[in-house]
Amino acid sequence: MGCGRAFTSYHRKVMERKYVRVRFAPSPTGLLHVGNARTALYNWLFARRAGGTFVLRIEDTDLDRSEVRYEAQLMEDLRWLGLDWDEGPVETGGASDEERGKFGPYRQSERLAIYAEHTERLLAEGKAYRCFCTPEELDAERKRAAAWRGQQVYSGRCGRLSSAEIEQNLAAGKPFAVRLKIEDHPLRFHDLVRGEVEFAPEVVSDPILVRSRNYSEGLPSAGPGSGMGVPVYNYAAAIDDALMAITHVIRGDDHISNTPKQVAIYEAFGWRTPEFAHLSTILGPDRERLSKRHGATSISTFREMGYLSEALVNYLALLGWGAEDGKTETFTLDELTRAFSLERVTPSPAIFDFAKLDWLNRHYLKLAAPARLAALAWGYFADRLPSPDACPKPVKDWFEKLLALFVPAVDHLDQLPSKTAFVFGFAPDAARANQENAAVLAADSARIVLAEFANRIRAHEGPVTAEVFKAWIDEIKAATGIKGKELFHPVRIAITGAHSGREFDKLLPIIEDGAALGLGIPSVRDRVERFVGV
RNA sequence: GGCGCUAUCGUCUAGGGGUUAGGACGUGAGAUUCUCAAUCUUAAAACCCGGGUUCGAUUCCCGGUAGCGCUACCA
């Protein structure tokens, strides 16, 4: 296949909007949080559904705040969620040192020359102009405008400078920004989730496209011989979206007010505007924008807490989108891909519900294969188990059984150590000290039951199997007439330290098998003897 | 202040000019279990307010209110 021809025909089809091309364009200034992850997910689903292309672009024009480690983390998080991209930047330290895609580079810091070129064009065509206003002048103007009209717009006075004045300023070495000249007509765009949106031209004012040098210190040169600084977000994003032939811009609704500026940029270049879809904000329980103080928000934190990626993906999909039947709640990525449509995305903001996420996580935890759970949970037991590669098979098997019993009782895997702590060690004094336990143990029946149980333990050889235990319980019940809670609770406390927990017939083998493994796990006999005193 | 977006159970949502306004999470009750969890059954729980259009509005239109966003040479 001739690459050049293939590209040309592909490109033509792209231009005719026969293909869908979307992008996820994060700034590597922090960890990927659920809001952005949901944006990435919707982009990905939309692309996959349409058989289109999902592009990853890194918006790192804010060099003060951008960090390479965040970029790497971001890619790891996307992969963990199962969101693969078709085009994207060369990964620093990644498996491949090849850039994917023909519309690169995919990092804005590597596209500065492209922006500079386009700015020259706008300047030459009179669609943009140099603004020599100082920050102080602008500030004063803003205050005046705010007091007078309640609006803060730029007067556009540098747009009326004569060429002589411009030459003079340039010769004097005055720093300048580049502003777009806004035409006097409403700026409209179509939004797939909100319909037609329109802004009056005067509220947009002549926006800055390129910062002056003063604001671009320490940044890489915009290009050879260029006297300009670094472009602002709205400008770079619009150029990139156009040049990367993005057909649908799906992003957070905090960008709605930015969109008319970008539409004006598209118009200035004579480009066709893409479709937009603005996704609502994710809020915390107090209706404020979701943030760290509400709890976990970054994808990597959820991962560390032992949430399954399919649970998070499912939850995020449901947050702002509903299935067509109005009923289905659980979706695999595959099912989502088939069911998803932007038309069904809700425009209203959504409150992040940790309880529902937990429910979905429990759901997927129950479905997960034992070996996978073992691999995921191992890290939480680093101080109790040998490392996975140095671990004897019997220990591995035992651990899987332990998980099978206790995973259904947790919301996320990091709750496992505390749930299972009593298996690995037994603290009789703490068990007695517990108030609820003390109430149970205070009863005469409890003393009788425990004495009976201890007698049988002493007379017994070998592990206490579920069958042996059952027989003892039946005997004690028959001998003493004690049954139900009065019978079981004291025994449970003597073995586990708590009056509630998993079923004895599954729990006992875990304890007795564990005791035989050399992990320091006390046997049932050890426990009971220590508890009642020998 | 200006501009914009949004508004159905506590939460996520379905629906839509006439409905018993549906589902899910959570909550309450019951069943089961030695107990907890799980599971099953079940209950309570919503159309922001005011006007207009209409025979009829929760649904369409306008206004109000509230929440959120933007209002930077941040992204």
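To find a chain, count down the sequence lines: A is the first, B the second, and so on, and within it residues start at 1.
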From the options [options], select the nucleotide whose nearest atom is closest to the side chain of [X].
{"X": "A:R344", "options": "B:A14, B:C68, B:C36", "value": "B:A14"}
{"X": "A:I256", "options": "B:C74, B:C5, B:C68", "value": "B:C5"}
{"X": "A:R502", "options": "B:A37, B:A75, B:C34", "value": "B:A37"}
{"X": "A:V232", "options": "B:A75, B:C34, B:U11", "value": "B:A75"}
{"X": "A:R492", "options": "B:G69, B:C74, B:U35", "value": "B:U35"}
{"X": "A:T346", "options": "B:A14, B:A75, B:C34", "value": "B:A14"}
{"X": "A:A177", "options": "B:U6, B:G69, B:C73", "value": "B:C73"}

Do [X] and [Y] meet the cation-pi criteria used here (NZ or CZ under 6.0 Å from the six-membered ring centre, within 45° of the axis)?
{"X": "A:R344", "Y": "A:F340", "answer": "no"}
{"X": "A:R432", "Y": "A:F531", "answer": "yes"}
{"X": "A:R492", "Y": "A:F504", "answer": "yes"}

Could you tell me how far apart [X] ([atom1]) and [N] ([atom2]) are, to the nearest whole angstrom?
{"X": "A:I351", "N": "B:U11", "atom1": "CD1", "atom2": "P", "result": "6 Å"}
{"X": "A:K485", "N": "B:C36", "atom1": "NZ", "atom2": "P", "result": "6 Å"}
{"X": "A:R194", "N": "B:G4", "atom1": "CZ", "atom2": "P", "result": "14 Å"}
{"X": "A:F354", "N": "B:C12", "atom1": "CZ", "atom2": "P", "result": "13 Å"}
{"X": "A:D206", "N": "B:A72", "atom1": "CG", "atom2": "P", "result": "14 Å"}
{"X": "A:L360", "N": "B:U11", "atom1": "CG", "atom2": "C1'", "result": "14 Å"}
{"X": "A:N258", "N": "B:G4", "atom1": "CG", "atom2": "C1'", "result": "12 Å"}

[M] and [N], which share atom name [atom1], separated by this distance in whole Å:
{"N": "B:A7", "M": "B:U59", "atom1": "C1'", "value": "13 Å"}
{"N": "B:A21", "M": "B:C40", "atom1": "P", "value": "27 Å"}
{"N": "B:U27", "M": "B:A38", "atom1": "P", "value": "9 Å"}
{"N": "B:C55", "M": "B:A45", "atom1": "P", "value": "34 Å"}
{"N": "B:G22", "M": "B:U42", "atom1": "P", "value": "14 Å"}
{"N": "B:G10", "M": "B:C47", "atom1": "C1'", "value": "16 Å"}

Contact class for [X] (heavy atom, under 4.0 Å): base, sugar-phosphate, or nothing?
{"X": "A:L487", "answer": "nothing"}
{"X": "A:F504", "answer": "base"}
{"X": "A:R65", "answer": "base"}
{"X": "A:G252", "answer": "nothing"}
{"X": "A:K366", "answer": "sugar-phosphate"}

With RNA chain B as reference, determine whether A:N234 or A:S348 sits nearer its 5' end, using the nearest nucleotide of each. A:S348

Residue whose nearest RNA chain B nucleotide is more 5′ - A:E196 or A:D286: A:E196

Just to confirm, is there a sub-4.0 Å distance from OP1 or OP2 of [N] to any side-chain nitrogen or oxygen of [X]?
{"X": "A:S500", "N": "B:A37", "value": "no"}
{"X": "A:R251", "N": "B:A75", "value": "no"}
{"X": "A:R57", "N": "B:A75", "value": "no"}

A:H255 and A:Y233 aromatic centres sub-6.0 Å: yes

Compute the ring centroids of A:H248 and A:F46, then answer whether they are less than 6.0 Å apart. yes

Say you draw a straight line from OG1 of A:T330 to OH of A:Y315; how long is it, rounded to the nearest 0.5 Å? 15.5 Å

Would A:T420 and A:R502 count as having a side-chain donor-acceptor pair, cut-off 3.5 Å? no

Among side-chain atoms of A:T119 and A:Y235, is any donor-acceptor pair under 3.5 angstrom? yes

Identify the nucleotide, in any strand shown, that forms a Watson-Crick or G-U wobble pair with B:G4, with both distances under 3.5 Å; if there is none, say none. B:C68

Whether the side chain of A:S212 and the base of B:C73 hold a donor-acceptor pair under 3.5 Å is what I'd like checked. yes

How about A:R456 and A:E475: do any of their side-chain heavy atoms sit closer than 4.5 Å? yes

Quick one: are A:N36 and A:H33 in side-chain contact, heavy atoms under 4.5 Å? yes

When every nucleotide of nucleotides 19-29 of chain B is labelled 5' to 3' by its protein contacts under 4.0 Å (heavy atoms), B for base, S for sugar-phosphate only, - for none, what sequence of letters results? ---BBBBS---

